[in-house]
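Only one structure is covered here, and it is reproduced in the block below.
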Amino acid sequence: FQRKNLERIQYKKWFGAIDKVEVNERCLITFHPHGILCIGILLGLHFQPKSTTKFAVSEILLNMPLIGMYCEKLGCIPATEEAICNALTSTSVILCPGGVPELVSKKQYTRRFGFLKIAKKMNVPILPVFCTTEFYYRLPCPFESFRIYIAKEFGIPIMLPPLGWYGTWLPMRTPVKLQTFKLFYVKNDLIKEQQRYYKFLNEK
């Protein structure tokens, strides 16, 4: 269960085709939407041979017994400002700004701007990547506003189990379609840049 071993798997035999993300300079890669397993960016970039990217994930995940150890081996780091900034000094970092609230609601979560602060602080551009492929069915679950609150405050996703290929936990066998945007440079006030970023993203 090492990153190099996962890079050798022929994922195209399952998905048919996988769009790749080209990263030509050190940057903060933002992935949308969060999705169940972030399959698009994992296969399109993170698990590509010779990739050195780090993947910023919830600290809860990294603190879980065994799972946390495996995540570290797969190139994951805590989704904290300090950890991301340290990693950006030497390589690109993947981050899902929507986080657990976006995972729970399946809607774009636009209230966070910490990723913009990090990009400005480290003087690196942001490379937004959007996945248009659905890999799992999502059964409706009530009390969405309450579940989003729990996700925001505690990072805990309260939702029904997702259903993939033939109702299993395997993702559906469908091509991985990714849209890579132009580099986004953070320049001004973070609140204004937050609005400009999501406007830029929704012009896809």
Side-chain angles (χ1 to χ4, degrees), residues 1 3 28-43 45-47 53-88 92-122 126 128-131 133-164 167-171 186 190-191 193-195 197-198 201-202:
F1 203 75
R3 183 173 177 177
L28 179 62
I29 302 152
T30 52
F31 181 66
H32 306 270
H34 186 288
I36 302 298
L37 295 175
C38 303
I39 290 173
I41 198 67
L42 285 173
L43 302 186
L45 175 60
H46 193 61
F47 288 155
T53 55
K54 296 293 183 180
F55 203 125
V57 301
S58 170
E59 287 186 279
I60 294 176
L61 195 62
L62 291 170
N63 290 329
M64 294 176 67
L66 293 179
I67 293 177
M69 180 182 67
Y70 288 136
C71 286
E72 288 183 1
K73 290 181 179 293
L74 296 180
C76 295
I77 61 173
T80 62
E81 180 178 344
E82 181 181 6
I84 295 172
C85 287
N86 287 338
L88 280 172
S92 295
V93 176
I94 300 169
L95 175 67
C96 298
V100 180
E102 191 170 276
L103 167 63
V104 168
S105 67
K106 201 183 175 182
K107 299 174 184 176
Q108 193 175 72
Y109 190 77
T110 62
R111 297 185 181 181
R112 291 175 173 168
F113 56 86
F115 65 102
L116 298 165
K117 176 184 177 183
I118 290 173
K120 185 176 181 180
K121 177 181 179 180
M122 299 304 295
I126 295 174
V129 179
F130 192 91
C131 182
T133 305
E134 288 279 355
F135 299 103
Y136 292 92
Y137 293 110
R138 301 282 297 275
L139 298 176
C141 189
F143 310 112
E144 182 177 287
S145 58
F146 171 74
R147 293 186 292 111
I148 292 176
Y149 171 78
I150 295 298
K152 178 184 176 182
E153 296 297 324
F154 305 102
I156 300 174
I158 301 176
M159 53 190 286
L160 295 175
L163 302 175
T168 69
W169 281 76
L170 291 172
V186 182
L190 292 181
I191 299 299
E193 290 297 85
Q194 180 189 37
Q195 297 172 351
Y197 174 82
Y198 283 105
L201 191 67
N202 290 314

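In summary, of the residues considered (Glu144, Lys106, Arg138), a side chain to side chain contact (heavy atoms under 4.5 Å, CB included) with Met159 occurs for Arg138 alone. When the options Ile77, Asn86, Thr53 are evaluated for a side chain to side chain contact (heavy atoms under 4.5 Å, CB included) with Val93, the one that passes is Ile77.
Looking at Gln108, its side chain never comes within 3.5 Å of a backbone N or O of Pro33 through a donor-acceptor pair. Formation of a donor-acceptor pair under 3.5 Å by the Gln194 side chain with backbone atoms of Arg111 is found in this model. A distance-only check finds a donor-acceptor pair linking the side chain of His46 to the backbone of Leu74 [under 3.5 Å].
Rounded to the nearest 0.5 angstrom, Ile41 CD1 and Cys96 SG are separated by 8.0 Å. Taking SG from Cys131 and CG from Leu42, the interatomic distance works out to 10.5 Å, rounded to the nearest 0.5 Å. Interatomic distance, CD1 of Ile29 versus CD1 of Ile126, reported as 11.0 Å (0.5 Å rounding). Note: Cys71 SG to Phe55 CZ = 10.0 Å, rounded to the nearest 0.5 Å. In this structure, the separation between CZ on Phe47 and CD1 on Ile39 is 10.5 Å, given to the nearest 0.5 Å. Note that CZ of Arg147 and SG of Cys141 are 4.0 Å apart. Values are rounded to the nearest 0.5 Å.
Closest non-hydrogen pair, Pro78 versus Ala83, comes out as O-CB, 3.4 Å. Of all heavy-atom pairs between Leu160 and Pro140, the closest is CD1-O, 3.4 Å. Nearest heavy atom pair, residue Ala56 against residue Leu95, reads CB-CD1, 3.8 Å. Counting all heavy atoms, side chain and backbone alike, Val186 lies closest to Leu190 at CG1-CD2, 4.1 Å. Nearest heavy-atom pair, Gly155 versus Pro157, reported as atom, atom and distance to 0.1 Å: O-CD, 3.6 Å.
Arg112 has its side chain out of reach of Pro97: every pair of non-hydrogen atoms, C-beta onward, lies at least 4.5 Å apart. For the pair Val104 and Ile158, the minimum side-chain heavy-atom distance is 4.5 Å or more. The closest side-chain heavy-atom distance from Val100 to Ile156 is not below 4.5 Å. Between Phe135 and Leu37 there is no side-chain heavy-atom pair separated by less than 4.5 Å. Residues Trp169 and Pro161 are in side-chain contact: their nearest non-hydrogen atoms beyond the backbone lie under 4.5 Å apart. For the pair Lys152 and Tyr109, the minimum side-chain heavy-atom distance is below 4.5 Å. Lys73 has its side chain out of reach of Arg3: every pair of non-hydrogen atoms, C-beta onward, lies at least 4.5 Å apart. Put simply, the side chain of Ile60 does not reach to within 4.5 Å of the side chain of Phe154, judged on heavy atoms.
Enclosure of atom CD in Glu82 is not indicated, since only 12 or fewer non-hydrogen atoms of other residues, nucleotides or ligands lie within 6.0 angstrom. Counting non-hydrogen atoms of other residues, nucleotides and ligands closer than 6.0 Å to OH of Tyr136 gives a total above 12.
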Working note: Ile118 + Cys85, criterion side-chain contact (heavy atoms from CB on, under 4.5 Å); need CA distance, chi angles, decisive distance, verdict.
CA-CA 7 Å; Ile118 290 173; Cys85 287; 4.0 Å; yes
Could you go through Glu193 and Lys120, starting from their C-alpha distance and side-chain angles, then the distance that decides it, and tell me whether this counts as salt bridge (charged side-chain N to carboxylate O under 4.0 Å, His left out)?
CA-CA 10 Å; Glu193 290 297 85; Lys120 185 176 181 180; over 6 Å; no
Please determine whether side-chain contact (heavy atoms from CB on, under 4.5 Å) holds for the pair Phe115 and Ile84, giving the CA-CA distance in whole Å, both sets of side-chain angles, and the decisive distance to 0.1 Å.
CA-CA 9 Å; Phe115 65 102; Ile84 295 172; over 6 Å; no
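Between Tyr197 and His32, the angle of the ring planes lies from 30° to 60°, which puts this pair in the tilted group.
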